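Everything on this sheet refers to the single structure shown next.
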Amino acid sequence: MNNHPVVELTSEASWNIVEDKFTPYGKEILAKLVAFLQDEVYPSARLYHAQIPKDPAQRWKTVVPIIEELKVKARKLGLWNLFLSKAHYPQHGVPLSNLEYAVMAEIIGRGGHMASEAVNCAAPDTGNMEVLARYGSPEQQKEWLIPLLNGEIRSAFAMTERFVASSDARNIKTSIQQEGNEIVINGHKWWISGAGDPRTKLHLVMGKSDPGNPDGYKQQSVVIIPADTPGVRIVRPMEVFGYDDAPEGHCEVIYENVRVPLNNMVLGWGRGFEVGQSFRAVECRADTPGRIHHCMRSIGVASRALDLMIQRVTDPSRKTFGKFLYEHGTVIAEIAQSRAEIEAARLLVLSAALQIDKYKAKGAMKEIGIAKFVVPTMACNVVDRAMQAFGAEGLSQDQELASMYAQLRTLRLADVHIQQVGQRELKRAPELHKRAVEFSKKEAAIMQKAGVKAHL
């Protein structure tokens, strides 16, 4: 039996596969993280939600006290900015591989968004930190990146637009134009995560600065807008199945004649698509730890849901007709199905993480793409089975399952990888046809030599 504490929260078999690929530092940080999550973070979840006021007037002005307390403790333990790889950001990163961080992301995922924020690994700040670390000027890094790395402020990334099919960034309509020594921004965004948080001090906003450029990928720019700039208006928080995710939220935001200095441009005019893709590195770039951490966190959510389901169906106080819930119907089979799906998905993502560490982007695109559409669907299915075991309570605010499902379901909306994987598979067709022809020739030669005529 393996004695590393992580086996309490993940598969011992999976850990045995990857343990020898962890550095001593990685094992030490993982052990500290397990203890911190189990002793401090997981037990604080109820308090966290209780400290968010129900009053709409206060709900969006609140800095949740327990989060700030946990952040101080995490930083003292060295459990900080774990997503940021030193290999890519030597000045700011930590010495963890993709594989090491993937395992950590799973157990962070068991604690939901609160756990990610406690160790300063929460979106959208992770993506914004990577953007500023990679593309920010020294002045931008000093003003915005360092406070983000220190957990002193939060941020938002504004790309998605209302009334526009903005999953294709070439369609966005927000205007970014130079007037004298200022940049003027006008646009209507929504689903802007983090925009509601009182700690949010900057928005990274993507818009069109050169709409007439024949290259559709050079029409966009990204600009830094301080959150308190005149003309920035938070219209409303959007709700996901009724959840507003306060105090961060996912907000509708209007930028009306917003003016910022020219040096607030990120990377350069017409390079917004490049910056935008980098922001999505938290889920999309294959050469950083962030590339698969959403997948691993989702596996952590699914594992937590299965634990809750098992506790429910073995609770003596929940017996019906003289039987435990697991003795009814297909409950045992559903538990087995959930376990099998979690184990398979975890191995898939760990394989992708290892491929990234060994071969970077090109060597891991297939595994990453498969993981990105397999894991969210798997996790939704696991949570759905758990909700069924809880009955009506599983759909209510009295359990965390409904919130889990809402968060996981949003990941499936962002999924374009299934098409990419399919297209990549189709590129194998010429080689497969060539092999089939060669095989047929070999088969015919063997049959002729044996003097046997095929029956088919």
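Computed from heavy atoms alone, side chains included, the values below leave out hydrogens, waters and symmetry copies. Because the structure is a prediction, the values reported are computed rather than measured. Each residue takes its place number in the sequence, starting with 1.
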Specify the closest pair of heavy atoms between [X] and [Y], including all atoms of both residues, with the distance to one decimal.
| X | Y | answer |
| --- | --- | --- |
| A169 | F273 | CB-CE1, 3.7 Å |
| A156 | G194 | CB-C, 4.2 Å |
| G369 | V421 | C-CG2, 3.5 Å |
| P376 | R412 | CB-CG, 3.6 Å |
| I108 | A115 | O-CB, 3.3 Å |

Between [X] and [Y], is there a side-chain N and carboxylate O pair less than 4.0 Å apart?
| X | Y | value |
| --- | --- | --- |
| R154 | E248 | yes |
| R428 | E431 | no |
| K73 | E69 | no |
| E438 | R435 | no |
| R312 | E393 | yes |

Any donor-acceptor N/O pair, [X] side chain to [Y] backbone, under 3.5 Å:
| X | Y | value |
| --- | --- | --- |
| S351 | L347 | no |
| W144 | M129 | no |
| T10 | V6 | no |
| N150 | I146 | yes |
| Q51 | I66 | yes |
| K323 | E327 | no |
| S155 | H203 | no |
| S44 | L47 | no |
| N171 | V164 | no |
| Q141 | L132 | yes |

Is it the case that [X] and [Y] place a side-chain donor and acceptor less than 3.5 Å from each other?
| X | Y | result |
| --- | --- | --- |
| H92 | N81 | no |
| R271 | S221 | no |
| T62 | Q58 | no |

>> As a quick check of understanding, evaluate side-chain contact (heavy atoms from CB on, under 4.5 Å) for L37 and L33, giving each step before the final call.
In response: CA-CA 6 Å; L37 292 170; L33 181 63; 3.8 Å; yes
>> Applying ring pair (Phe, Tyr, Trp, His ring centres under 6.0 Å) to F83 and H293, what does each step give before you reach the verdict?
In response: CA-CA 8 Å; F83 73 96; H293 78 208; 7.1 Å; no
> From C295 SG over to L348 CG, what is the distance, rounded to the nearest 0.5 angstrom?
Replying inline: 8.0 Å
> How long is the span from the CZ atom in R75 to the CG atom in L77, to the nearest 0.5 Å?
Replying inline: 12.5 Å
> Going through the distances and angles, do S403 and Q407 end up as a side-chain hydrogen bond (donor to acceptor under 3.5 Å, both in side chains)?
Replying inline: CA-CA 6 Å; S403 175; Q407 293 171 24; 3.2 Å; yes
>> Checking R199 against E68 for the salt bridge (Lys or Arg N to Asp or Glu O under 4.0 Å) test, could you report, in this order, the C-alpha distance in whole Å, the side-chain angles of both residues, the deciding distance, and whether it holds?
In response: CA-CA 11 Å; R199 297 164 297 175; E68 298 306 310; 2.8 Å; yes
> Would Y405 and R409 satisfy side-chain contact (heavy atoms from CB on, under 4.5 Å), going step by step from the backbone distance to the final call?
Replying inline: CA-CA 6 Å; Y405 189 89; R409 187 60 183 82; 4.3 Å; yes
> What pairs meet the salt bridge (Lys or Arg N to Asp or Glu O under 4.0 Å) rule with one or both residues in residues 13-24, with sequence neighbours excluded?
Replying inline: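 Every pair satisfying salt bridge (Lys or Arg N to Asp or Glu O under 4.0 Å) with a residue in residues 13-24: E19-K27.
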>> Which residues pass the ring pair (Phe, Tyr, Trp, His ring centres under 6.0 Å) test with F324, not counting sequence neighbours?
In response: Y326
>> So that I know where these two stand, are W15 and F22 an aromatic pair - ring centroids less than 6.0 Å apart?
In response: yes
>> If you apply the rule side-chain hydrogen bond (donor to acceptor under 3.5 Å, both in side chains), what do you find for Y89 with E130, and how did you get there?
In response: CA-CA 9 Å; Y89 307 102; E130 289 207 40; 3.1 Å; yes
> In a check of side-chain hydrogen bond (donor to acceptor under 3.5 Å, both in side chains) between H188 and each of K173, E252, E161, which one passes?
Replying inline: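 In the set K173, E252, E161, the residue that makes a side-chain hydrogen bond (donor to acceptor under 3.5 Å, both in side chains) with H188 is E252.
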>> One pair to check against side-chain hydrogen bond (donor to acceptor under 3.5 Å, both in side chains): H328 and T320. What are the steps and the verdict?
In response: CA-CA 9 Å; H328 292 280; T320 59; 2.9 Å; yes
>> Evaluate K208 against Q220 for side-chain hydrogen bond (donor to acceptor under 3.5 Å, both in side chains), listing each step before the verdict.
In response: CA-CA 4 Å; K208 280 196 174 177; Q220 304 83 6; over 6 Å; no
